[in-house]
Amino acid sequence: MVLHVAKSSFSNEVEHISFPAEAEKVRYAVFGVEEFGGWAPAHIVGGDGAAKIPASYIERDALFSEEGVQKLNQLARLVDTMDLDAQKVFSGALMVEHAKCLDDVLRVAGSLDSYELFPGIKTDEELGHFLVDTGPITGKFVFAEEVQPYLDYAKIGAEQRKLLDGAHTEQGFVKRRENVQTQATEAHPAFALTLASPTGACRLNLPAPDDELERAKRALGLDDLGGAAIQDVEIGYPWAHLLPTDSATLEDANVLAECVREMTTEELKVFGAVLEVEEPRSFHEAGTIAMDLTDYELTTSNEREYAIAALGYAGAGDEVIEMLDGFTDFDALGRCEMEADGVRETSFGSVRRLSAPWPQQEPEMGQTMC
């Protein structure tokens, strides 16, 4: 990192100071500039390469103290490793955080992974268009096509920029990364795709928010993730083997992951049972099942208990059931009711469909139908 020190940006007397450096040598160089041609205070007026970005944020006093120079040395080690993309994020992140001093600059430089850059968005209107265009994927800002020409895209973008606490820069729109996705993936088993393109591969946790999809595009060098190949599917649920991963698409997988994330423990068992019965041929079909999960329920596999429950649904009270006990083959009745209701046995428990019972299965050899 090389910083330019001079009395003003128009001065011909400029000291180019390379960091890391020793505090004494830095002070000596700055004193030399200040004493030249009559004393006047010197300031950091620029820098080489990536050092240009933080130059205007570094206060003059940092050049005169051991602590200040040590911080500049630390900053140098961070800045000198930044590639062009990181420099763009760095520049925008300083604006997002309203940096005012060297401490602010150091904090941002050491946490660039906490920020996201959208290079194609430089105005509120462009941000508004982006939010509406990606609405079908994110489920937010969804408008019918016929009304879209009348939308105030600049207003939509401005409101979201303030909500996201982001900033427009010459390089694009910069905002902090959301922690919601990280927390969600920590609280749930893995649900991820590894996408690949001729330029590389990228692992994407699902469901993926807009900024993660944009990050994946940049990492793969693609304008549309529909052009990425699915290299690997990672699903950490016990029913994962029931999903036809060879026919997965990013859009369908993202929808399915969104549904799965909202499921309770009981609903996850129901979903596994239904997958075992329905045998979906695609992630799209599995997603349809997930969105219609209230049409299914787990039930007892005990024939006697099922018969008693069926009698209760029919209006028989406890006294009537007690009278029938000893004179009724509850097991046979339960078996017939289970067949009529289309109950299926699965490795996740007995399950039935409420809207229309599944067709009866062909009886095994020796099994008697009621």
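Qualifying ring-ring contact (aromatic ring centres under 6.0 Å, His included) partners for F271, counting only residues two or more places apart in sequence or in other chains: W239. Residues passing the salt bridge (charged side-chain N to carboxylate O under 4.0 Å, His left out) test with E126: none are found, sequence neighbours excluded. Judged as a side chain to side chain donor-acceptor pair (under 3.5 Å), and not counting sequence neighbours, Y153 has no contacts. For the ring-ring contact (aromatic ring centres under 6.0 Å, His included) test, no residue two or more places apart in sequence or in another chain qualifies with F19. For D124, the salt bridge (charged side-chain N to carboxylate O under 4.0 Å, His left out) partners are R161, not counting sequence neighbours. In this view, T300 and E305 satisfy the side chain to side chain donor-acceptor pair (under 3.5 Å) rule, not counting sequence neighbours. Remark: Q87 pairs with no residue by the side chain to side chain donor-acceptor pair (under 3.5 Å) rule, at least two apart or across chains. In this structure R77 satisfies the salt bridge (charged side-chain N to carboxylate O under 4.0 Å, His left out) test with no other residue, sequence neighbours excluded. Every residue two or more places apart in sequence or in another chain was checked for a side chain to side chain donor-acceptor pair (under 3.5 Å) with T294, and none qualifies. When the ring-ring contact (aromatic ring centres under 6.0 Å, His included) test is applied to F90, no partner is found at least two apart in sequence or on another chain.
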Notebook entry, point to check: Can you check salt bridge (charged side-chain N to carboxylate O under 4.0 Å, His left out) on K7 and E15, steps first, answer last?
Noted result: CA-CA 10 Å; K7 293 178 180 178; E15 187 69 36; over 6 Å; no

Check: Given D211 and K175, is the salt bridge (charged side-chain N to carboxylate O under 4.0 Å, His left out) satisfied, shown in steps?
Finding: CA-CA 9 Å; D211 56 347; K175 72 176 186 67; 3.3 Å; yes

Check: Given the rule in the salt bridge (charged side-chain N to carboxylate O under 4.0 Å, His left out) test, do E278 and R353 qualify, once you have shown the distances and angles that lead to the verdict?
Finding: CA-CA 11 Å; E278 295 282 11; R353 186 169 59 192; 3.4 Å; yes

Note to self: Walk me through whether F348 and L242 qualify under side-chain contact (heavy atoms from CB on, under 4.5 Å).
What the structure shows: CA-CA 12 Å; F348 297 90; L242 300 172; 4.0 Å; yes

Next item on the list: Go through the steps to decide whether F64 and F31 satisfy the test ring pair (Phe, Tyr, Trp, His ring centres under 6.0 Å), and finish with yes or no.
Entry: CA-CA 9 Å; F64 294 93; F31 284 142; 5.5 Å; yes

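Ionic pairing of K155 and E125 is not present here: no N-O contact between side-chain nitrogen and carboxylate oxygen is shorter than 4.0 angstrom. Ion pairing between R352 and E297 holds under the 4.0 Å rule for side-chain N and carboxylate O. With respect to the salt-bridge test (charged N to carboxylate O, under 4.0 angstrom), the residues E59 and K100 do not qualify.
Put simply, the residue from R218, E214, K88 that forms a side-chain contact (heavy atoms from CB on, under 4.5 Å) with P119 is R218.
Contact of the L193 side chain with the L206 side chain is registered, since non-hydrogen atoms from C-beta on lie closer than 4.5 Å. By the 4.5 Å heavy-atom criterion applied to side chains, V260 and L268 are counted as neighbours. Counting only heavy atoms from C-beta outward, the side chains of L275 and L243 approach each other to under 4.5 Å.
Using modelled atom types and a 3.5 Å distance limit, the side chains of E66 and Q70 yield a donor-acceptor pair. Remark: the E276 side chain and the S347 side chain contain an N/O donor-acceptor pair separated by less than 3.5 Å.
Between H4 and H16, the ring planes lie perpendicular to each other; the angle is over 60°, past the 30° to 60° tilted range.
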Extract all donor-acceptor atom pairs below 3.5 Å that involve side chains of residues 22-29 and protein atoms in other chains or at least two apart in sequence.
none

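Closest non-hydrogen pair, V96 versus V174, comes out as CG2-O, 3.4 Å. The two atoms that bring P20 and N73 nearest to each other are CA-OD1, 3.0 Å, heavy atoms only.
Listed by first and then second residue, the side chain to side chain donor-acceptor pair (under 3.5 Å) pairs involving residues 29-41 are E34-R60 (not counting sequence neighbours).
Heavy atoms of other residues, nucleotides or ligands lying less than 6.0 angstrom from CD of E67 number 12 at most. Atom CG of D83 is surrounded by more than 12 heavy atoms from other residues, nucleotides or ligands within 6.0 Å.
Transitive grouping of hydrophobic side chains (ILVMFWY, heavy atoms separated by less than 4.5 Å) keeps V2 and L106 in distinct clusters.
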